[in-house]
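Naming convention: chains lettered A, B, ... in sequence-line order (proteins, then strands); numbering from 1 in each chain.
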Amino acid sequence: MKELKASMAGTVLNILAAEGDAVSAGQAVITIESMKMEIPIEAEFGGTVDKVHIEVGGFVNEGDTLITLSE
Amino acid sequence: MTRTSETTGYNERLEQKLKAIFAGGQQKYHEKMKESNKLFVRDRLRLLFDDGTYSEDGRFANVEAGDLPADGVVTAIGKINGQTVCVMANDSTVKAGSWGSRTVEKIIRIQETAEKLQVPMLYLVDSAGARITDQLDMFPNRRGAGRIFHNQVRMSGMVPQVCLLFGPSAAGGAYIPAFCDIVIMVEGNASMYLGSPRMAEKVIGEKVTLEEMGGARMHCSVSGVGDVLVSSEQEAIAEARRYLTNFPANFAMKPEKLEGKAAKAGRALEEIIPENQNAPFDMYELIDQLIDEGSFFDIKKLFAPELITGLARIDGQVVGILANQPKVKGGVLFGDSADKGAKFINLCNAFSIPLLFLADVPGFMIGTKVERAGIIRHGAKFIAAMSSATVPKISVIVRKAYGAGLYAMAGPAFEPDICIALPTAQIAVMGPEAAVNAVYSNKIEAIEDPKERLQYVQQKHQEYKEEIDIYRLASELIVDEIVAPHDLREVLIQRFSFYESKDLPLPYRKHGVFPV
């Protein structure tokens, strides 16, 4: 089980993968809006989305877990 | 001349001694090196120097001890890319490359040689640290280990200092990389730490692996003490040689200009840069269109990647590039990116390498987390370094340059030799959305009809955009020039050649109180 964490503080703009989806390393899975910029958050490793911990419009702080992936 | 039996005897003795010295430590340690893909110190040096040739000093250090050939360090002088350089290289087959009194004396002497000759100094580090049994002879005295660091600090900015880390650099020894201009680390073998994992467990109760606490990847991506992560010693040596092609022998000379090469074939800048200020793009693709193909030397690529710092050639002339990376964290500046920028500017300025700033920056990060971490203090380092740099500085506003981001990226107030705007440039205290919110939030909230409210906001956005229109800023002489993106490379080539003779006197004082 691996965790994908927020690289910076901001608001969740889009969630591009749902629980059960297979994602590959480098794929953008979430967009955060921060400092008025769209920040793509890419999966650092491939796997299946086990749990999405956030919702669109919610605030995330740097280091918060966004998604858990299982291999 | 005929040889007498007596002189033959002398020579035999010399040859025997040299043979033992050149062999290094015991065979079992050589085997261990091979197992972990490490090269013997003298093989490293053969790869490093032109034609594999070099001259050694202090070869006979501690020869009487018998089991400490060269006292665990080779100090050498030779040529790299035709330029004389001095090198110290630990031999980890000899007592794990640990330092005794003669080891330290040899290192100090080769540093003194580099300073006298005004040539680059390289440190090939692979050492367990001090020989604690010999501490009084090598640690606290005037020519003890501290002197190595004292020399490094003294020589900083005088001659290039490069560290290649092949193994551990432990405890006090870990300051050798810290005082170098650049640290190249071999993944899996190189490590830096003040206290080993074993010591951490005993003294503070922490259980941690060497890789997690002081490994090459950690230092090159998290702590920022490492600059270049490589996968083998051969690659480390090739990168060090490539790095040095960008530098003069010392601060009084200028980097050598080579014959220019065309930029890499690729999309035009017009296609690379999205019109929407808030959409990400890859700044590396833009850099490729400005520089001579294959000339980029990325420094701290994995650390704070929201700011790209690297050396490159533009029509054969070395330049230092600082560019915001919109693809990572929106190109927002953080404490680590500020540190990265400050050190890179200091490096370039010390060795007469002109600076090119490519700005696309929403500003410095805000929020509790970064304020508590002292983002103002870190940002001040970046701005102070940029402001103090006296080499030619060209500032290109690629898209947005908001707030103190404009300052850090050599905005007009910091005397860039020219501030060039692309037609997509947008300079302001903050972006339109944030500004309209800041100024009109009470009025916006007071409008009850959502449609009317949206209309009002859009109208204010429009008014704001007109106010910061780049032609208005050019008309007010805030930016010096607006350039079509496809002309940018040619404009940079011309401008850098005009500014070659720039010579600014330093302010009359001892030194500034540099923010840290």
Next item on the list: Measure the spacing between CE of Met8(A) and CE of Met365(B) and express it to the nearest 0.5 Å.
Entry: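 Here the interatomic distance stands at 4.0 Å.
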Margin query: For Ile366(B), is the CD1 atom crowded, meaning more than 12 foreign heavy atoms sit under 6.0 Å from it?
Written below: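 No.
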Notebook entry, point to check: Is atom CD1 of Ile376(B) surrounded by more than 12 heavy atoms (other residues, nucleotides or ligands) closer than 6.0 Å?
Noted result: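 Open.
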Check: Is chain A contacted by the side chain of Met430(B), its backbone, both, or neither, given a heavy-atom distance below 4.5 Å?
Finding: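 No part of it gets close to chain A.
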Using a plain distance cut of 3.5 Å, could you tabulate donor-acceptor pairs between chain A and chain B?
{"unit_1": "Lys36(A)", "atom_1": "O", "unit_2": "Asn278(B)", "atom_2": "ND2", "d": "3.2"}
{"unit_1": "Glu38(A)", "atom_1": "N", "unit_2": "Asn278(B)", "atom_2": "O", "d": "3.2"}
{"unit_1": "Glu62(A)", "atom_1": "O", "unit_2": "Lys369(B)", "atom_2": "NZ", "d": "3.3"}

